[in-house]
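Please read the structure below before turning to the comments.
These numbers come from the heavy atoms of this one structure, side chains and all, not from hydrogens, waters or symmetry mates. Please read all numbers here as calculations on a predicted model, not as lab measurements.
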Amino acid sequence: GIEPCLALYLRKANRVMTQIYDHDMSPHGIKITQFSILRAVSLLGESTSRSLQDALVLDQTTLSRNLKPLIRDGFLLAVPGNDRREKLIQLTDNGKALFKAAKKDWRKSQQAIADELGEDIIHKLLEVSDRVVELKM
C-alpha cells in the first residue's frame, strides 16, 4: 500500500476545521485566524509580536499579514514598545467588542465539533496537536 502522508492528513483535517470556524466567524467579518489573534491578545494582554508568534506558532510574515487588517479596521492597536523596533499589540475598545461578540459563535463551533467527535477524540486531538507542536524546530 501507499504510505499515508502525515502532513496531508493533518492539513486536510485543518482545512475542514477552518471551514467550520470560518463559517461561524463570517457574521463578524473575520476568519478564525483573526479571531485566534484577538483571543491571544485578550488572554496575553498587551503583547509583542514575538510573544504572539510564539503563542500561535506563526512566522513573522504570517502574523504580520493577519495583524494588518485588524489594525487597519481599528480592532488592534500597535504602539511603540521600550525598544523602538518592538511594537506592543493591544485590543482597542472595538476589538474587545468584536472579540466578545465573536466568542459566542466560536463557542458554537467548539461545541458542534465536540458533539460530533466526542470527548475521547477531542482529548486525543489535543494530545496529538501538543505533541506535533513539540516537534517545532
Side-chain angles (χ1 to χ4, degrees):
I2 297 174
E3 182 178 358
C5 176
L6 301 176
L8 175 61
Y9 272 71
L10 284 173
R11 290 181 65 83
K12 285 171 34 178
N14 184 55
R15 283 192 287 272
V16 170
M17 290 286 242
T18 297
Q19 290 168 3
I20 293 167
Y21 282 99
D22 280 352
H23 177 267
D24 287 336
M25 292 295 106
S26 66
H28 307 286
I30 59 173
K31 303 242 181 230
I32 189 59
T33 50
Q34 294 168 313
F35 176 82
S36 296
I37 291 171
L38 295 174
R39 185 170 185 255
V41 174
S42 178
L43 293 171
L44 294 170
E46 189 173 72
S47 176
T48 64
S49 288
R50 172 48 84 189
S51 59
L52 281 175
Q53 283 176 251
D54 292 344
L56 298 170
V57 191
L58 292 174
D59 60 72
Q60 180 60 46
T61 302
T62 303
L63 179 62
S64 293
R65 185 174 57 245
N66 284 284
L67 283 174
K68 282 180 185 176
L70 293 170
I71 293 169
R72 178 197 66 219
D73 296 342
F75 301 120
L76 291 176
L77 185 63
V79 297
N82 295 335
D83 178 342
R84 287 202 168 270
R85 295 169 291 169
E86 180 180 77
K87 294 267 195 252
L88 297 176
I89 311 296
Q90 51 191 229
L91 285 170
T92 64
D93 288 341
N94 286 342
K96 290 174 186 174
L98 173 62
F99 174 67
K100 183 178 179 182
K103 187 164 58 171
K104 292 175 185 173
D105 286 317
W106 172 79
R107 282 201 174 109
K108 184 172 99 175
S109 296
Q110 291 272 103
Q111 191 60 55
I113 293 166
D115 290 347
E116 189 66 32
L117 295 179
E119 193 174 314
D120 287 344
I121 292 176
I122 293 295
H123 177 74
K124 288 176 186 172
L125 176 65
L126 295 173
E127 189 177 314
V128 167
S129 180
D130 284 344
R131 289 286 291 128
V132 170
V133 169
E134 288 174 9
L135 298 174
K136 182 180 172 209
M137 298 180 163

Within-4.5 Å side-chain heavy-atom neighbours: Thr48 and Ile89: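 Side-chain contact under 4.5 Å: no.
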
Heavy-atom side-chain contact between Leu88 and Asn82 under 4.5 Å: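 A side-chain contact is absent here, since even the closest heavy-atom pair is not under 4.5 Å.
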
To the nearest 0.5 Å, tell me how far [X] [atom1] sits from [Y] [atom2].
| X | Y | atom1 | atom2 | value |
| --- | --- | --- | --- | --- |
| Lys87 | Ser64 | NZ | OG | 11.0 Å |
| Leu98 | Ser42 | CG | OG | 11.0 Å |
| Leu44 | Arg39 | CG | CZ | 10.5 Å |
| Leu63 | Leu52 | CG | CG | 5.5 Å |
| Leu58 | Thr33 | CG | OG1 | 9.0 Å |

Not counting sequence neighbours, which residues clear salt bridge (charged side-chain N to carboxylate O under 4.0 Å, His left out) with [X]? List them please.
| X | result |
| --- | --- |
| Asp54 | Arg50 |
| Arg131 | Glu134 |
| Lys108 | Asp24 |

Leu56 with Leu70, same ILVMFWY side-chain cluster at under 4.5 Å: yes

Residues, nucleotides or ligands: over 12 heavy atoms within 6.0 Å of Asp93 CG: no

Heavy-atom neighbours of Leu43 CG exceed 12 at 6.0 Å: yes

ILVMFWY cluster membership beyond Val128 - transitive side-chain contacts under 4.5 angstrom: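 Reading the cluster by chain and number, Val128 sits alongside Leu10, Val132.
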
Partner residues of [X] under the side chain to side chain contact (heavy atoms under 4.5 Å, CB included) criterion, sequence neighbours left out:
| X | value |
| --- | --- |
| Leu77 | Val79, Gln90, Thr92 |
| Asp59 | Thr61, Thr62 |
| Ile113 | Met17, Ile20, Tyr21, Leu117, Ile122 |
| Arg15 | Leu8, Arg11, Lys12 |

For residues [X] and [Y], report the shortest heavy-atom separation together with the two atoms involved.
| X | Y | value |
| --- | --- | --- |
| Ser49 | Gln60 | CB-OE1, 4.0 Å |
| Ser26 | His23 | OG-O, 2.8 Å |
| Ile71 | Ala78 | CD1-CB, 4.0 Å |
| Pro69 | Gln34 | CG-NE2, 3.4 Å |
| Asp22 | Ile32 | OD1-N, 2.7 Å |

ring-ring contact (aromatic ring centres under 6.0 Å, His included) partners of residues 63-105, not counting sequence neighbours, each pair once: Phe35-Phe99

Pairs involving residues 47-69, ordered by first then second residue, that meet ring-ring contact (aromatic ring centres under 6.0 Å, His included) (sequence neighbours left out): none

Of all pairs that satisfy salt bridge (Lys or Arg N to Asp or Glu O under 4.0 Å), the ones with a partner from residues 116-127, not counting sequence neighbours: none

Salt bridge (Lys or Arg N to Asp or Glu O under 4.0 Å): pairs with one or both residues in residues 25-37, sequence neighbours excluded: none

Side chain Thr18, main chain Asn14, donor-acceptor under 3.5 Å: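 Yes, because the side chain of Thr18 sits within donor-acceptor range (under 3.5 Å) of the backbone of Asn14.
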
